[in-house]
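The block underneath contains the structure these notes are about, expressed in structure tokens.
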There are 2 protein chains.
Amino acid sequence: MVTKRLSGSTDDANLRLADSLAREIFSDVANKWALLIIEALGEGTLRFSELRGRVDGISHKMLTQNLRMLERNGLAERTVHPTVPPRVEYTLTEAGHGLRATVDGMCEWTYRYFRHIESARQRFES
Amino acid sequence: MVTKRLSGSTDDANLRLADSLAREIFSDVANKWALLIIEALGEGTLRFSELRGRVDGISHKMLTQNLRMLERNGLAERTVHPTVPPRVEYTLTEAGHGLRATVDGMCEWTYRYFRHIESARQRFES
DNA sequence: CTGCATCCTAGCAGATACTG
DNA sequence: CAGTATCTGCTAGGATGCAG
């Protein structure tokens with residue numbers, strides 16, 4: 001049962017991720033495109049086409065797909081302006097911003113260990 | 001050029017991720033299995049079979065594949081004890097621990113917004 | 001026990017085209 | 001402009017077998 005673990009006696013984050021719903025959420029969110037979209041939305045509200053421009057290399061399909069997923073999980077909010085042509089804007093919810101903070105951490109990490117990783121790779125070829 | 005952005009004038013993490021090597025690192029690392037392995041190794045050194053037990057649902061193949069990747073990028077270290085049967089242990093490097101800190105953040109985030117996400121999903125079905 | 005290679009399949013993800 | 005659907009290729013990832 002879900003609530004059992006929530007009020008549970010363990011503080012082990014990994015153990016808790018054994019919970020199937022938590023793992024499902026984690027799997028949804030722990031993928032490249034989702035994280036890059038969240039990072040992009042961290043700067044503020046963006047429309048669909050703007051997002052496409054910011055998240056380099058993402059396809060139309062992957063963008064909509066991941067946006068639906070983020071909306072479904074309550075991480076992003078979708079507001080449609082009934083104009084013509086339609087204008088659809090996406091913004092992070094509170095939960096979304098919470099996650100963005102950790103994604104920021106990952107980005108910073110990437111740059112902190114950039115050279116370290118670069119040389120580790122060279123060492124690895126041998 | 002890589003170093004241009006490293007010493008560059010922008011503080012925008014997302015912009016910097018436009019750099020191809022940074023994106024490659026990010027893509028390597030921003031996947032479910034890699035993050036779960038790192039989280040598991042956060043507790044300390046583990047052998048291959050122990051890891052398989054901790055990272056629930058991972059296959060033999062995905063585990064070796066991701067471990068090679070982590071090793072290649074200098075996030076995990078592999079030490080072989082030349083016994084029989086062989087005993088291979090994996091441990092996080094400093095860079096690995098750095099990343100683990102942010103993964104911990106993601107795990108905590110998952111549990112903080114667990115109920116929030118649960119209800120967001122119910123709202124979404126309509 | 002660990003690692004690598006092989007085969008094989010489901011589902012991911014791109015391209016395209018069509019609606020509102 | 002935004003979203004959906006279809007078609008298709010391709011690769012991620014499981015299962016298995018073998019070697020060290």
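Every value quoted in this text rests on a predicted model; they were computed, and no experiment measured them. Reminder, nothing fancy here: chain letters follow the sequence lines and each chain counts from 1.
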Worksheet entry | Terminal helix-axis angle for the helix from C:dC1-D:dG20 to C:dG20-D:dC1, with five pairs defining each axis and rounding to 10 degrees | 40°

Discussion item. Does a side-chain N or O of B:Ser49 approach OP1 or OP2 of C:dT2 to a distance below 4.0 Å, or not?
Written reply: yes

Worksheet entry | Atom-to-atom span, CE of A:Met69 to P of D:dT4 - whole angstrom | 15 Å

Discussion item. Reading DNA chain C from 5' onward, which residue's closest nucleotide shows up sooner: B:Arg78 or A:Pro86?
Written reply: B:Arg78

Discussion item. Does D:dG14 have its OP1 or OP2 closer than 4.0 Å to a side-chain nitrogen or oxygen of B:Ser59?
Written reply: yes

Discussion item. Surrounding CD of A:Glu89 (heavy atoms of other residues, nucleotides or ligands, distance under 6.0 Å), is the total greater than 12?
Written reply: yes

Worksheet item: Of the nucleotides D:dT4, C:dC1, C:dG3, which one has an atom closest to the side chain of A:Thr64?
Response: D:dT4

Item to complete: With the side chain counted from C-beta on, respond yes when B:Leu41 and B:Arg54 share a heavy-atom pair under 4.5 Å apart, and no when they do not.
Response: no

Discussion item. I need the CG-P distance between B:Asn66 and D:dG14, as an integer number of Å.
Written reply: 10 Å

Discussion item. Closer than 4.0 angstrom, basic N to acidic O: yes or no for B:Glu24 and A:Arg121?
Written reply: yes

Practice prompt. May I have the distance from B:Leu67 (atom CG) to C:dT2 (atom P), rounded to whole angstrom?
Written response: 11 Å

Worksheet item: Would you say the side chain of A:His60 and the base of C:dG14 hold a donor-acceptor pair, judged only by whether the two atoms sit under 3.5 Å apart?
Response: no

Discussion item. What's the closest nucleotide to the side chain of B:Phe48 if the choices are C:dG3, D:dG13, C:dA13?
Written reply: C:dG3

Item to complete: Using only side-chain N and O atoms of B:Arg47, determine if any of them is under 4.0 Å from OP1 or OP2 of C:dC1.
Response: no

Worksheet item: B:Asn31 has an atom CG; how far is it from atom P of D:dT11, in whole Å?
Response: 17 Å

Fill in: Distance, rounded to the nearest Å, where B:Gln65 contributes CD and C:dG3 contributes P
13 Å

Worksheet item: Under 3.5 Å, is there a donor-acceptor pair between the side chain of A:Glu50 and the main chain of A:Arg47?
Response: yes

Discussion item. Over all strands shown, is B:Arg52 touching base, sugar-phosphate only, or nothing at heavy-atom distances under 4.0 angstrom?
Written reply: nothing

Discussion item. In this structure, how many angstroms lie between the P atom of C:dA15 and the CD1 atom of A:Ile58, rounded?
Written reply: 13 Å

Worksheet entry | OP1 or OP2 of C:dC1 under 4.0 Å from side-chain N/O of B:Tyr90 | no

Discussion item. Within this structure, what is the CG-SG distance for the pair B:Leu35 and B:Cys107, rounded to the nearest 0.5 Å?
Written reply: 8.5 Å

Worksheet item: Between A:Arg68 (CZ) and D:dT4 (C1'), how many Å, whole number?
Response: 10 Å

Worksheet item: Rounded to whole angstrom units, what separation is found between the NZ atom of B:Lys61 and the P atom of C:dC8?
Response: 13 Å

Worksheet item: Are the side chain of A:Thr102 and the backbone of A:Gly98 linked by a donor-acceptor contact shorter than 3.5 Å?
Response: no

Fill in: By side-chain hydrogen bond (donor to acceptor under 3.5 Å, both in side chains) - contacts of A:Arg112 (at least two apart)
none

